[in-house]
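Note on naming: letters A, B, ... go to the chains in the order of the sequence lines (proteins, then strands), and numbering restarts at 1 for each one. Values below: all heavy atoms of this structure, side chains included; hydrogens, waters and symmetry mates excluded.
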Amino acid sequence: MLTARPRGTTDILPPRSEQWRTLEERFREVCRIWGYPEIILPLFEHAELFQRTVGEATDIVEKELYSFPDRGGRLLALRPEGTAPAARAYLENGLHKGPQPVKLSYVGPMFRYERPQAGRYRQHTQLGIEVFGAAEPAADAEVILVAVEVLRREGLEGLSVRLNSIGCAGCRPAYRETLRHWLHPLLPGLCADCRSRYGRNPLRTLDCKIERCRQALGQAPRTLDALCDECREHFQEVQGRLEGLGLPVTIHPDLVRGLDYYTRTVFEVMHDDLEPSLCGGGRYDGLVEVLGGPPTPAVGFGMGLERVLDLAKTQGRSTRPDLFLAAADEEARPRVFALAVEARRAGLATHFDFGGRSLKAQMKAASRLGVRFSVVLGQRELETGVAVLKNMDSGAESEAPIAGLAGAIGEQRGPTS
RNA sequence: GUGGAUGUAGCUCAGUGGUUAGAGCACCAGGUUGUGGCCCUGGGGGUCGGGGGUUCAAAUCCCCUCAUUCACCCCA
(Lines give C-alpha, C1' and ligand atoms only; values in the text may rest on other atoms or scores of the structure.)
Protein backbone atom coordinates (compact mmCIF):
# COMPACT_ATOMS: atom_id res chain seq x y z
CA MET A 1 0.00 0.00 0.00
CA LEU A 2 1.60 3.19 -1.19
CA THR A 3 -0.79 5.44 0.69
CA ALA A 4 -0.50 4.00 4.14
CA ARG A 5 1.75 5.30 6.85
CA PRO A 6 3.74 2.76 8.83
CA ARG A 7 2.01 1.32 11.82
CA GLY A 8 2.12 3.40 14.95
CA THR A 9 2.96 6.66 13.19
CA THR A 10 0.70 9.68 12.76
CA ASP A 11 0.29 12.66 10.48
CA ILE A 12 -0.19 15.88 12.37
CA LEU A 13 -2.43 18.17 10.34
CA PRO A 14 -3.50 21.72 11.05
CA PRO A 15 -4.92 22.87 13.35
CA ARG A 16 -3.44 20.18 15.58
CA SER A 17 0.01 21.02 14.27
CA GLU A 18 -0.52 24.55 15.59
CA GLN A 19 -1.35 23.21 19.04
CA TRP A 20 1.69 20.99 18.78
CA ARG A 21 4.03 23.90 18.12
CA THR A 22 2.36 25.97 20.81
CA LEU A 23 2.98 23.22 23.33
CA GLU A 24 6.62 23.00 22.27
CA GLU A 25 7.01 26.76 22.59
CA ARG A 26 5.55 26.76 26.07
CA PHE A 27 7.84 23.93 27.09
CA ARG A 28 10.84 25.87 25.82
CA GLU A 29 9.63 28.93 27.68
CA VAL A 30 9.42 27.00 30.94
CA CYS A 31 12.89 25.57 30.28
CA ARG A 32 14.27 29.03 29.66
CA ILE A 33 12.90 30.33 32.93
CA TRP A 34 13.94 27.32 34.98
CA GLY A 35 17.38 27.23 33.41
CA TYR A 36 17.36 24.25 31.05
CA PRO A 37 18.81 25.23 27.67
CA GLU A 38 18.15 22.88 24.80
CA ILE A 39 20.44 20.16 23.54
CA ILE A 40 19.75 18.79 20.07
CA LEU A 41 20.68 15.15 19.75
CA PRO A 42 20.86 12.60 16.93
CA LEU A 43 17.84 10.44 16.25
CA PHE A 44 20.02 7.32 16.14
CA GLU A 45 22.89 6.12 18.29
CA HIS A 46 24.99 3.00 18.67
CA ALA A 47 22.62 0.26 19.77
CA GLU A 48 25.03 -0.59 22.52
CA LEU A 49 24.36 2.73 24.22
CA PHE A 50 20.83 1.61 25.02
CA GLN A 51 21.71 -2.00 25.70
CA ARG A 52 24.20 -0.98 28.35
CA THR A 53 22.17 1.75 30.02
CA VAL A 54 18.46 1.08 29.64
CA GLY A 55 19.23 -2.58 30.22
CA GLU A 56 19.56 -5.73 28.17
CA ALA A 57 16.64 -7.42 29.91
CA THR A 58 14.16 -4.53 29.66
CA ASP A 59 11.30 -4.59 27.17
CA ILE A 60 12.52 -1.37 25.61
CA VAL A 61 15.79 -2.97 24.56
CA GLU A 62 14.82 -6.62 24.38
CA LYS A 63 11.82 -6.36 22.12
CA GLU A 64 11.15 -2.76 21.20
CA LEU A 65 14.41 -1.44 19.86
CA TYR A 66 14.56 -0.35 16.22
CA SER A 67 18.11 -1.53 15.62
CA PHE A 68 19.87 -2.12 12.33
CA PRO A 69 23.35 -2.45 10.87
CA ASP A 70 24.30 0.51 8.69
CA ARG A 71 26.27 0.15 5.45
CA GLY A 72 29.50 0.39 7.36
CA GLY A 73 28.57 -2.51 9.59
CA ARG A 74 27.85 -0.42 12.72
CA LEU A 75 24.96 -1.66 14.80
CA LEU A 76 22.75 1.39 15.28
CA ALA A 77 19.38 2.00 16.88
CA LEU A 78 16.71 4.68 16.57
CA ARG A 79 16.66 6.20 20.02
CA PRO A 80 13.90 4.79 22.24
CA GLU A 81 14.44 7.44 24.91
CA GLY A 82 16.41 10.59 25.56
CA THR A 83 18.32 10.14 28.78
CA ALA A 84 21.06 7.79 27.56
CA PRO A 85 21.84 9.96 24.49
CA ALA A 86 21.91 13.07 26.70
CA ALA A 87 24.32 11.36 29.09
CA ARG A 88 26.46 10.25 26.18
CA ALA A 89 26.59 13.80 24.82
CA TYR A 90 27.35 15.19 28.27
CA LEU A 91 30.41 12.98 28.49
CA GLU A 92 31.52 13.06 24.88
CA ASN A 93 31.54 16.86 24.80
CA GLY A 94 33.36 17.18 28.09
CA LEU A 95 30.50 18.93 29.84
CA HIS A 96 31.42 16.97 32.96
CA LYS A 97 34.63 18.97 33.14
CA GLY A 98 32.87 22.31 33.18
CA PRO A 99 30.82 23.95 35.90
CA GLN A 100 28.26 21.69 37.51
CA PRO A 101 25.43 21.04 37.51
CA VAL A 102 24.67 20.88 33.79
CA LYS A 103 20.99 21.34 33.10
CA LEU A 104 19.62 20.48 29.66
CA SER A 105 16.31 20.06 27.87
CA TYR A 106 15.37 18.29 24.66
CA VAL A 107 12.41 17.81 22.37
CA GLY A 108 12.14 15.16 19.74
CA PRO A 109 10.85 11.85 18.45
CA MET A 110 11.54 8.53 20.13
CA PHE A 111 11.04 5.13 18.55
CA ARG A 112 9.80 1.91 20.07
CA TYR A 113 8.48 -1.15 18.31
CA GLU A 114 5.34 -1.50 20.41
CA ARG A 115 1.78 -2.43 19.70
CA PRO A 116 -0.01 0.89 19.26
CA GLN A 117 -3.02 1.87 21.34
CA ALA A 118 -4.47 4.93 22.99
CA GLY A 119 -1.62 7.32 23.73
CA ARG A 120 1.00 4.89 22.51
CA TYR A 121 2.83 5.12 19.23
CA ARG A 122 5.87 3.63 17.55
CA GLN A 123 7.13 7.12 16.98
CA HIS A 124 6.26 9.45 19.79
CA THR A 125 7.66 12.76 20.89
CA GLN A 126 9.22 13.46 24.23
CA LEU A 127 9.81 16.70 26.02
CA GLY A 128 12.52 16.05 28.53
CA ILE A 129 15.00 17.64 30.90
CA GLU A 130 18.11 16.32 32.63
CA VAL A 131 20.31 17.58 35.45
CA PHE A 132 23.85 16.18 35.53
CA GLY A 133 26.15 16.58 38.48
CA ALA A 134 23.62 17.29 41.20
CA ALA A 135 23.16 14.80 44.02
CA GLU A 136 20.98 17.02 46.17
CA PRO A 137 17.29 16.30 46.75
CA ALA A 138 16.54 19.84 45.60
CA ALA A 139 17.45 18.75 42.09
CA ASP A 140 14.93 15.90 42.18
CA ALA A 141 12.30 18.28 43.47
CA GLU A 142 13.04 20.87 40.81
CA VAL A 143 12.79 18.33 38.03
CA ILE A 144 9.41 17.17 39.25
CA LEU A 145 8.24 20.75 39.59
CA VAL A 146 9.25 21.54 36.03
CA ALA A 147 7.12 18.64 34.82
CA VAL A 148 4.13 19.85 36.76
CA GLU A 149 4.72 23.43 35.64
CA VAL A 150 4.68 22.45 31.97
CA LEU A 151 1.45 20.53 32.40
CA ARG A 152 -0.21 23.29 34.38
CA ARG A 153 0.63 25.79 31.69
CA GLU A 154 -1.35 23.61 29.34
CA GLY A 155 -4.32 24.16 31.57
CA LEU A 156 -4.43 20.59 32.79
CA GLU A 157 -6.17 19.83 36.02
CA GLY A 158 -6.57 16.52 37.77
CA LEU A 159 -2.82 15.96 37.86
CA SER A 160 -1.18 13.76 40.43
CA VAL A 161 2.42 12.92 41.17
CA ARG A 162 3.44 9.42 42.15
CA LEU A 163 6.67 9.13 43.99
CA ASN A 164 8.84 6.30 45.21
CA SER A 165 12.45 5.45 45.94
CA ILE A 166 14.01 2.24 44.71
CA GLY A 167 17.28 2.62 46.55
CA CYS A 168 20.83 2.87 45.37
CA ALA A 169 23.65 0.58 44.31
CA GLY A 170 24.38 0.13 48.01
CA CYS A 171 21.01 -0.96 49.33
CA ARG A 172 19.11 -2.27 46.35
CA PRO A 173 20.95 -5.58 45.81
CA ALA A 174 20.19 -6.62 49.37
CA TYR A 175 16.54 -5.68 48.98
CA ARG A 176 16.41 -7.58 45.74
CA GLU A 177 17.55 -10.74 47.45
CA THR A 178 15.18 -10.22 50.34
CA LEU A 179 12.30 -9.83 47.92
CA ARG A 180 13.35 -12.85 45.93
CA HIS A 181 13.45 -15.03 49.03
CA TRP A 182 10.10 -13.72 50.09
CA LEU A 183 8.61 -14.37 46.66
CA HIS A 184 9.93 -17.86 46.26
CA PRO A 185 7.22 -19.79 48.14
CA LEU A 186 4.50 -17.75 46.40
CA LEU A 187 5.68 -18.44 42.87
CA PRO A 188 3.15 -21.17 42.02
CA GLY A 189 0.30 -18.76 42.76
CA LEU A 190 1.58 -15.89 40.62
CA CYS A 191 0.87 -15.16 36.99
CA ALA A 192 3.22 -16.33 34.26
CA ASP A 193 4.62 -12.83 33.79
CA CYS A 194 5.50 -12.52 37.44
CA ARG A 195 7.16 -15.93 37.47
CA SER A 196 9.46 -14.82 34.67
CA ARG A 197 10.05 -11.46 36.37
CA TYR A 198 11.17 -13.34 39.44
CA GLY A 199 14.31 -14.38 37.64
CA ARG A 200 14.93 -11.29 35.54
CA ASN A 201 13.76 -8.36 37.58
CA PRO A 202 11.89 -9.24 40.76
CA LEU A 203 11.08 -5.59 41.51
CA ARG A 204 8.69 -5.56 38.60
CA THR A 205 6.38 -8.07 40.25
CA LEU A 206 5.45 -5.28 42.64
CA ASP A 207 3.41 -3.36 40.10
CA CYS A 208 1.69 -6.31 38.46
CA LYS A 209 -1.89 -5.36 37.56
CA ILE A 210 -3.32 -8.87 38.01
CA GLU A 211 -5.59 -8.89 41.05
CA ARG A 212 -4.37 -12.30 42.24
CA CYS A 213 -0.78 -11.12 42.21
CA ARG A 214 -1.65 -7.83 43.85
CA GLN A 215 -3.21 -9.64 46.76
CA ALA A 216 -0.37 -12.11 47.06
CA LEU A 217 2.15 -9.29 47.00
CA GLY A 218 0.28 -6.96 49.28
CA GLN A 219 2.48 -7.82 52.22
CA ALA A 220 5.72 -7.95 50.25
CA PRO A 221 8.72 -6.14 51.70
CA ARG A 222 8.83 -2.61 50.35
CA THR A 223 11.73 -0.82 48.78
CA LEU A 224 11.01 2.08 51.09
CA ASP A 225 11.57 -0.07 54.18
CA ALA A 226 14.84 -1.42 52.84
CA LEU A 227 16.46 1.90 51.99
CA CYS A 228 19.84 2.70 53.47
CA ASP A 229 20.01 5.78 55.70
CA GLU A 230 21.27 8.03 52.91
CA CYS A 231 18.52 6.95 50.52
CA ARG A 232 15.84 7.37 53.18
CA GLU A 233 17.02 10.86 54.03
CA HIS A 234 17.20 11.77 50.38
CA PHE A 235 13.70 10.54 49.77
CA GLN A 236 12.27 12.39 52.75
CA GLU A 237 13.97 15.56 51.66
CA VAL A 238 12.57 15.33 48.12
CA GLN A 239 9.14 14.73 49.52
CA GLY A 240 9.53 17.57 51.98
CA ARG A 241 10.59 20.06 49.34
CA LEU A 242 7.57 19.25 47.18
CA GLU A 243 5.11 19.35 50.03
CA GLY A 244 6.69 22.55 51.24
CA LEU A 245 5.53 24.09 47.98
CA GLY A 246 2.06 22.70 48.34
CA LEU A 247 2.47 20.12 45.62
CA PRO A 248 0.48 17.05 46.59
CA VAL A 249 2.50 13.90 46.15
CA THR A 250 1.37 10.33 46.56
CA ILE A 251 3.84 7.73 47.72
CA HIS A 252 3.53 4.61 45.59
CA PRO A 253 5.69 1.90 47.14
CA ASP A 254 4.95 -0.30 44.12
CA LEU A 255 6.16 2.23 41.56
CA VAL A 256 9.20 0.75 39.88
CA ARG A 257 10.23 1.57 36.38
CA GLY A 258 11.21 -0.45 33.37
CA LEU A 259 14.58 1.12 32.75
CA ASP A 260 17.54 -0.28 34.63
CA TYR A 261 19.44 2.95 35.15
CA TYR A 262 17.13 4.44 37.77
CA THR A 263 18.29 4.85 41.36
CA ARG A 264 16.59 6.37 44.35
CA THR A 265 13.84 8.72 43.20
CA VAL A 266 11.37 7.50 40.60
CA PHE A 267 8.19 9.35 39.75
CA GLU A 268 5.31 9.60 37.32
CA VAL A 269 2.83 12.36 36.64
CA MET A 270 -0.67 11.07 35.98
CA HIS A 271 -3.88 12.63 34.78
CA ASP A 272 -7.34 11.52 35.87
CA ASP A 273 -8.54 10.99 32.31
CA LEU A 274 -5.66 8.99 30.91
CA GLU A 275 -4.49 5.57 31.96
CA PRO A 276 -0.82 5.79 30.97
CA SER A 277 1.38 8.40 32.63
CA LEU A 278 1.99 11.77 31.03
CA CYS A 279 5.48 11.94 32.32
CA GLY A 280 7.96 9.63 33.93
CA GLY A 281 11.41 10.07 35.34
CA GLY A 282 13.78 9.74 38.19
CA ARG A 283 17.33 9.74 39.37
CA TYR A 284 20.07 7.78 37.59
CA ASP A 285 23.25 8.22 39.59
CA GLY A 286 25.13 5.36 37.96
CA LEU A 287 24.45 6.05 34.30
CA VAL A 288 27.32 8.34 33.40
CA GLU A 289 29.74 5.98 35.08
CA VAL A 290 28.45 3.06 33.05
CA LEU A 291 29.37 5.03 29.96
CA GLY A 292 32.93 5.37 31.19
CA GLY A 293 32.67 8.73 32.89
CA PRO A 294 33.22 9.75 36.48
CA PRO A 295 30.58 8.96 39.10
CA THR A 296 27.94 11.57 38.30
CA PRO A 297 24.62 11.95 40.07
CA ALA A 298 21.82 12.93 37.72
CA VAL A 299 18.05 13.19 37.50
CA GLY A 300 15.53 13.91 34.76
CA PHE A 301 12.16 13.22 33.16
CA GLY A 302 10.57 12.44 29.82
CA MET A 303 7.09 13.67 28.93
CA GLY A 304 4.86 12.33 26.17
CA LEU A 305 3.90 15.22 23.95
CA GLU A 306 1.10 13.36 22.16
CA ARG A 307 -0.42 12.33 25.45
CA VAL A 308 -0.39 15.87 26.75
CA LEU A 309 -1.84 17.13 23.49
CA ASP A 310 -4.68 14.62 23.72
CA LEU A 311 -5.70 16.11 27.05
CA ALA A 312 -4.86 19.76 26.60
CA LYS A 313 -7.73 22.05 25.79
CA THR A 314 -5.46 24.86 24.75
CA GLN A 315 -5.82 26.16 21.26
CA GLY A 316 -3.04 26.89 18.86
CA ARG A 317 -2.14 30.42 18.06
CA SER A 318 -4.93 32.11 16.15
CA THR A 319 -4.25 31.63 12.48
CA ARG A 320 -7.04 33.87 11.28
CA PRO A 321 -5.92 35.63 8.09
CA ASP A 322 -6.24 39.38 7.69
CA LEU A 323 -7.23 39.93 4.10
CA PHE A 324 -8.72 38.41 0.98
CA LEU A 325 -8.16 40.19 -2.31
CA ALA A 326 -10.82 39.33 -4.89
CA ALA A 327 -10.70 40.02 -8.62
CA ALA A 328 -13.93 41.20 -10.24
CA ASP A 329 -12.66 40.60 -13.74
CA GLU A 330 -9.78 38.91 -15.48
CA GLU A 331 -7.94 42.15 -16.14
CA ALA A 332 -7.62 42.82 -12.43
CA ARG A 333 -5.95 39.51 -11.59
CA PRO A 334 -2.34 40.59 -12.16
CA ARG A 335 -2.95 43.65 -9.98
CA VAL A 336 -4.54 41.50 -7.28
CA PHE A 337 -1.52 39.25 -7.36
CA ALA A 338 0.88 42.17 -7.02
CA LEU A 339 -1.18 43.74 -4.24
CA ALA A 340 -1.31 40.46 -2.34
CA VAL A 341 2.47 40.26 -2.44
CA GLU A 342 2.68 43.85 -1.24
CA ALA A 343 0.20 43.26 1.59
CA ARG A 344 2.10 40.17 2.72
CA ARG A 345 5.36 42.06 2.75
CA ALA A 346 3.62 44.60 4.96
CA GLY A 347 2.85 41.77 7.38
CA LEU A 348 -0.77 41.01 6.54
CA ALA A 349 -1.78 37.38 6.22
CA THR A 350 -3.35 37.60 2.79
CA HIS A 351 -5.23 35.25 0.49
CA PHE A 352 -6.38 35.52 -3.11
CA ASP A 353 -7.65 33.23 -5.81
CA PHE A 354 -5.11 31.91 -8.27
CA GLY A 355 -7.60 32.26 -11.10
CA GLY A 356 -10.81 31.00 -12.64
CA ARG A 357 -13.24 31.46 -9.80
CA SER A 358 -16.19 33.79 -10.06
CA LEU A 359 -16.33 36.77 -7.76
CA LYS A 360 -19.04 35.08 -5.79
CA ALA A 361 -16.94 31.98 -5.37
CA GLN A 362 -14.02 34.11 -4.28
CA MET A 363 -16.10 35.80 -1.61
CA LYS A 364 -17.28 32.42 -0.46
CA ALA A 365 -13.69 31.23 -0.20
CA ALA A 366 -12.81 34.39 1.73
CA SER A 367 -15.60 33.72 4.16
CA ARG A 368 -14.53 30.13 4.65
CA LEU A 369 -10.95 31.12 5.29
CA GLY A 370 -12.20 33.33 8.07
CA VAL A 371 -10.45 36.48 6.88
CA ARG A 372 -11.15 39.72 8.71
CA PHE A 373 -11.31 41.91 5.64
CA SER A 374 -11.90 41.61 1.92
CA VAL A 375 -11.30 43.96 -0.97
CA VAL A 376 -12.71 43.61 -4.47
CA LEU A 377 -10.63 44.94 -7.34
CA GLY A 378 -11.96 45.45 -10.86
CA GLN A 379 -11.78 47.91 -13.65
CA ARG A 380 -13.58 50.54 -11.57
CA GLU A 381 -11.07 50.42 -8.72
CA LEU A 382 -8.09 50.30 -11.01
CA GLU A 383 -9.29 53.48 -12.71
CA THR A 384 -10.19 55.45 -9.60
CA GLY A 385 -7.45 54.08 -7.37
CA VAL A 386 -10.00 53.71 -4.58
CA ALA A 387 -11.34 50.41 -3.30
CA VAL A 388 -13.94 49.30 -0.80
CA LEU A 389 -12.65 47.61 2.31
CA LYS A 390 -15.17 45.22 3.74
CA ASN A 391 -15.21 43.97 7.29
CA MET A 392 -16.24 40.33 6.94
CA ASP A 393 -17.64 40.08 10.44
CA SER A 394 -19.87 43.14 10.45
CA GLY A 395 -20.33 43.54 6.72
CA ALA A 396 -19.41 47.21 7.11
CA GLU A 397 -17.71 48.80 4.13
CA SER A 398 -15.44 51.81 3.86
CA GLU A 399 -13.50 53.39 1.08
CA ALA A 400 -9.73 53.39 1.07
CA PRO A 401 -7.09 54.26 -1.49
CA ILE A 402 -5.57 51.12 -2.97
CA ALA A 403 -2.09 52.44 -2.30
CA GLY A 404 -2.78 52.71 1.42
CA LEU A 405 -4.69 49.47 1.96
CA ALA A 406 -2.17 47.87 4.22
CA GLY A 407 -2.18 50.86 6.51
CA ALA A 408 -5.96 51.10 6.59
CA ILE A 409 -6.29 47.46 7.52
CA GLY A 410 -3.57 47.72 10.11
CA GLU A 411 -5.55 50.50 11.81
CA GLN A 412 -8.89 48.72 11.73
CA ARG A 413 -7.45 45.39 12.73
CA GLY A 414 -5.77 46.72 15.80
CA PRO A 415 -2.63 45.31 17.34
CA THR A 416 -1.71 41.79 16.33
CA SER A 417 -2.10 39.31 19.13
C1' G B 1 3.81 -10.83 22.31
C1' U B 2 -1.83 -12.09 24.17
C1' G B 3 -7.20 -11.25 23.82
C1' G B 4 -11.70 -8.48 21.86
C1' A B 5 -14.03 -5.05 18.34
C1' U B 6 -13.95 -2.60 13.60
C1' G B 7 -12.53 -1.56 8.16
C1' U B 8 -18.22 1.05 2.50
C1' A B 9 -17.19 8.63 -0.74
C1' G B 10 -12.68 13.65 2.07
C1' C B 11 -15.59 12.98 7.16
C1' U B 12 -19.67 10.40 10.11
C1' C B 13 -22.32 6.29 8.75
C1' A B 14 -26.65 3.25 6.31
C1' G B 15 -26.85 -1.02 3.22
C1' U B 16 -26.00 -8.63 5.84
C1' G B 17 -26.79 -12.97 -0.75
C1' G B 18 -30.06 -10.42 -6.03
C1' U B 19 -30.32 -4.57 -11.36
C1' U B 20 -25.98 0.92 -12.65
C1' A B 21 -23.81 0.81 -3.80
C1' G B 22 -26.73 5.22 -0.75
C1' A B 23 -27.52 9.48 2.99
C1' G B 24 -25.90 13.72 5.81
C1' C B 25 -21.90 16.95 6.03
C1' A B 26 -17.77 18.59 3.00
C1' C B 27 -16.22 19.86 -2.11
C1' C B 28 -17.27 22.19 -7.26
C1' A B 29 -20.79 24.94 -10.32
C1' G B 30 -25.30 27.67 -11.05
C1' G B 31 -29.74 30.61 -8.95
C1' U B 32 -28.43 36.80 -15.10
C1' U B 33 -26.17 42.40 -14.78
C1' G B 34 -19.45 43.23 -9.50
C1' U B 35 -19.78 40.58 -3.25
C1' G B 36 -19.48 35.65 1.61
C1' G B 37 -22.51 33.37 5.76
C1' C B 38 -28.98 31.10 5.02
C1' C B 39 -31.83 28.71 1.20
C1' C B 40 -32.74 26.12 -3.66
C1' U B 41 -30.90 23.30 -8.03
C1' G B 42 -27.24 20.50 -10.34
C1' G B 43 -22.43 18.05 -10.44
C1' G B 44 -17.80 15.47 -9.36
C1' G B 45 -16.08 11.72 -6.19
C1' G B 46 -16.10 4.78 -4.01
C1' U B 47 -10.10 -0.86 -5.99
C1' C B 48 -17.01 -1.64 -0.56
C1' G B 49 -8.87 -2.27 3.21
C1' G B 50 -6.10 -6.30 0.16
C1' G B 51 -5.95 -11.52 -1.59
C1' G B 52 -8.24 -16.20 -2.09
C1' G B 53 -12.66 -19.32 -1.66
C1' U B 54 -18.17 -20.76 -1.68
C1' U B 55 -22.30 -19.39 -5.06
C1' C B 56 -25.97 -18.64 -11.09
C1' A B 57 -24.99 -14.13 -8.13
C1' A B 58 -20.72 -11.49 -2.59
C1' A B 59 -20.07 -4.90 0.35
C1' U B 60 -23.04 -9.00 2.53
C1' C B 61 -21.00 -16.02 3.82
C1' C B 62 -15.89 -18.61 4.80
C1' C B 63 -10.33 -18.44 5.13
C1' C B 64 -5.81 -15.64 5.05
C1' U B 65 -3.61 -10.94 5.28
C1' C B 66 -2.98 -5.69 6.26
C1' A B 67 -4.65 -1.67 9.07
C1' U B 68 -7.38 0.86 12.90
C1' U B 69 -9.12 0.68 17.80
C1' C B 70 -9.74 -1.07 23.09
C1' A B 71 -7.70 -3.95 27.06
C1' C B 72 -3.25 -6.71 28.88
C1' C B 73 2.18 -6.34 28.87
C1' C B 74 5.41 -2.22 28.88
C1' C B 75 6.00 2.77 28.64
C1' A B 76 5.91 8.92 27.26
Side-chain angles (χ1 to χ4, degrees), chain A residues 1-10 13 54-55 57-64 79-83 107-128 147 150-151 191-194 196-197 201 204 207-211 213 255-259 266 268-271 274-281 300-311 324-332 356-381 387-395 397:
Chain A
M1 198 53 130
L2 214 51
T3 56
R5 60 178 174 261
R7 182 161 207 206
T9 61
T10 48
L13 308 173
V54 174
T58 59
D59 279 9
I60 290 179
V61 166
E62 193 175 49
K63 37 191 204 191
E64 297 176 359
R79 61 181 186 190
E81 58 101 47
T83 298
V107 177
M110 306 296 165
F111 306 86
R112 294 178 197 175
Y113 190 83
E114 295 188 273
R115 191 130 167 211
Q117 67 183 61
R120 208 176 69 182
Y121 309 89
R122 288 187 173 178
Q123 174 179 331
H124 77 279
T125 306
Q126 279 191 30
L127 312 171
V150 170
L151 294 168
C191 69
D193 282 334
C194 283
S196 84
R197 287 173 186 137
N201 190 350
R204 291 224 59 90
D207 70 347
C208 184
K209 311 296 187 296
I210 310 276
E211 189 53 35
C213 296
L255 174 63
V256 293
R257 298 183 49 78
L259 294 84
V266 291
E268 291 182 348
V269 184
M270 313 293 294
H271 186 274
L274 193 72
E275 169 53 30
S277 61
L278 293 178
C279 174
F301 74 69
M303 182 180 291
L305 187 151
E306 291 86 351
R307 289 181 181 175
V308 176
L309 213 51
D310 283 343
L311 293 169
F324 191 99
L325 289 170
D329 50 56
E330 288 309 303
E331 290 68 32
R357 281 178 146 159
S358 67
L359 180 60
K360 182 172 176 171
Q362 291 178 66
M363 291 306 293
K364 200 169 174 180
S367 186
R368 230 179 0 229
L369 285 163
V371 301
R372 297 166 195 273
F373 297 98
S374 68
V375 171
V376 176
L377 293 177
Q379 203 176 356
R380 194 190 303 155
E381 287 77 12
V388 173
L389 180 62
K390 178 169 182 173
N391 181 318
M392 294 296 276
D393 295 327
S394 65
E397 300 186 332

Query raised in the report: Is A:Arg122 positioned over the aromatic face of A:Phe111, cation under 6.0 angstrom from the ring centre and no more than 45 degrees off axis?
Result: no

Requested in this report: Determine the Euclidean distance between corresponding C1' atoms of B:G7 and B:A57; express it in Å to zero decimal places.
Outcome: 24 Å

Query raised in the report: Is the side chain of A:Gln126 donor-acceptor paired with the backbone N or O of A:Gly128 at a distance under 3.5 Å, no angle test?
Result: no

Query - B:C56 to B:C40 separation - P atoms, rounded to the nearest Å - result: 48 Å

Query - Inter-nucleotide C1' distance (B:A71, B:U65), Å rounded - result: 23 Å

Report task. Quote, to the nearest angstrom, the C1' distance that separates B:U60 from B:G15. Result -> 9 Å

Requested in this report: Report the distance from atom CD1 of A:Ile60 to atom P of B:C73, rounded to the nearest whole Å.
Outcome: 15 Å

Report summary line: Using Watson-Crick geometry (N1-N3 plus N6-O4 or O6-N4) or G-U wobble (N1-O2, O6-N3), each under 3.5 Å, B:G22 is paired with B:C13

Query raised in the report: Is there a Watson-Crick or G-U wobble partner for B:G1 with both distances under 3.5 Å, and which nucleotide is it?
Result: B:C72

Query - Atom C1', compared across B:G3 and B:G22: separation rounded to whole Å - result: 35 Å

Query raised in the report: So what does A:Leu259 touch, heavy atoms closer than 4.0 Å: a base, only the sugar-phosphate, or nothing?
Result: sugar-phosphate

Considering only nitrogen or oxygen atoms on both sides, find all protein atoms under 3.5 Å from nucleotides 64-71 of chain B and state each distance.
unit_1 : atom_1 : unit_2   : atom_2 : d
B:U68  : OP1    : A:Gly8   : N      : 3.4
B:U68  : OP2    : A:Arg7   : NE     : 2.7
B:C70  : OP2    : A:Ala118 : N      : 2.6

Requested in this report: Verify, without hydrogens or angle tests, whether A:Arg112 (side chain) and A:Pro80 (backbone) share a donor-acceptor contact under 3.5 angstrom.
Outcome: yes

Query raised in the report: Under a 3.5 Å cut-off for both distances, is B:C61 Watson-Crick or wobble paired, and to whom?
Result: B:G53

Query raised in the report: Run the side chain to side chain contact (heavy atoms under 4.5 Å, CB included) check on A:Met363 and A:Met392 step by step: do they pass?
Result: CA-CA 10 Å; A:Met363 291 306 293; A:Met392 294 296 276; 4.1 Å; yes

Query raised in the report: Under a 3.5 Å cut-off for both distances, is B:U35 Watson-Crick or wobble paired, and to whom?
Result: none

**Report entry** Touch class at under 4.0 angstrom, heavy-atom based, for A:Glu114 against every strand present
**Finding:** base

Query raised in the report: B:U12 and B:G17: how far apart are their P atoms, nearest whole angstrom?
Result: 26 Å

Query - Check: A:Glu64 side chain, A:Val61 main-chain N or O, donor-acceptor pair, under 3.5 Å - result: no

Report task. Find the partner of B:G30: check Watson-Crick (N1-N3 plus N6-O4 or O6-N4) and G-U wobble (N1-O2, O6-N3) distances, both under 3.5 Å, and reply none if neither fits. Result -> B:C40

Report task. Without swapping roles, check the side chain of A:Ser358 against the backbone of A:Ala361 for a donor-acceptor pair under 3.5 Å. Result -> yes

Query raised in the report: Roughly how far apart, to the nearest Å, are B:C13 and B:G49 at atom P?
Result: 15 Å

**Report entry** Per-nucleotide protein contact string for nucleotides 33-43 of chain B, where B marks a base within reach and S marks sugar-phosphate only (heavy atoms under 4.0 Å, - for neither)
**Finding:** -BBBB------

Requested in this report: For A:Asp393 and A:Arg372, indicate whether the former's side chain and the latter's backbone hold a donor-acceptor pair under 3.5 Å.
Outcome: no

**Report entry** Test salt bridge (Lys or Arg N to Asp or Glu O under 4.0 Å) applied to A:Glu62 - qualifying residues, sequence neighbours left out
**Finding:** A:Arg200

Query raised in the report: Donor-acceptor pair, A:Arg307 side chain versus A:Ser277 backbone, under 3.5 Å?
Result: yes

Requested in this report: Could you let me know what B:G7 is paired to, Watson-Crick or G-U wobble, both distances under 3.5 Å, or none if it's on its own?
Outcome: B:C66

Query raised in the report: With rounding to whole Å, what would you report as the distance between B:G50 and B:A21 at their P atoms?
Result: 15 Å

Query raised in the report: Is a donor on one side and an acceptor on the other found under 3.5 Å between the side chain of A:Glu268 and the backbone of A:Leu278?
Result: no

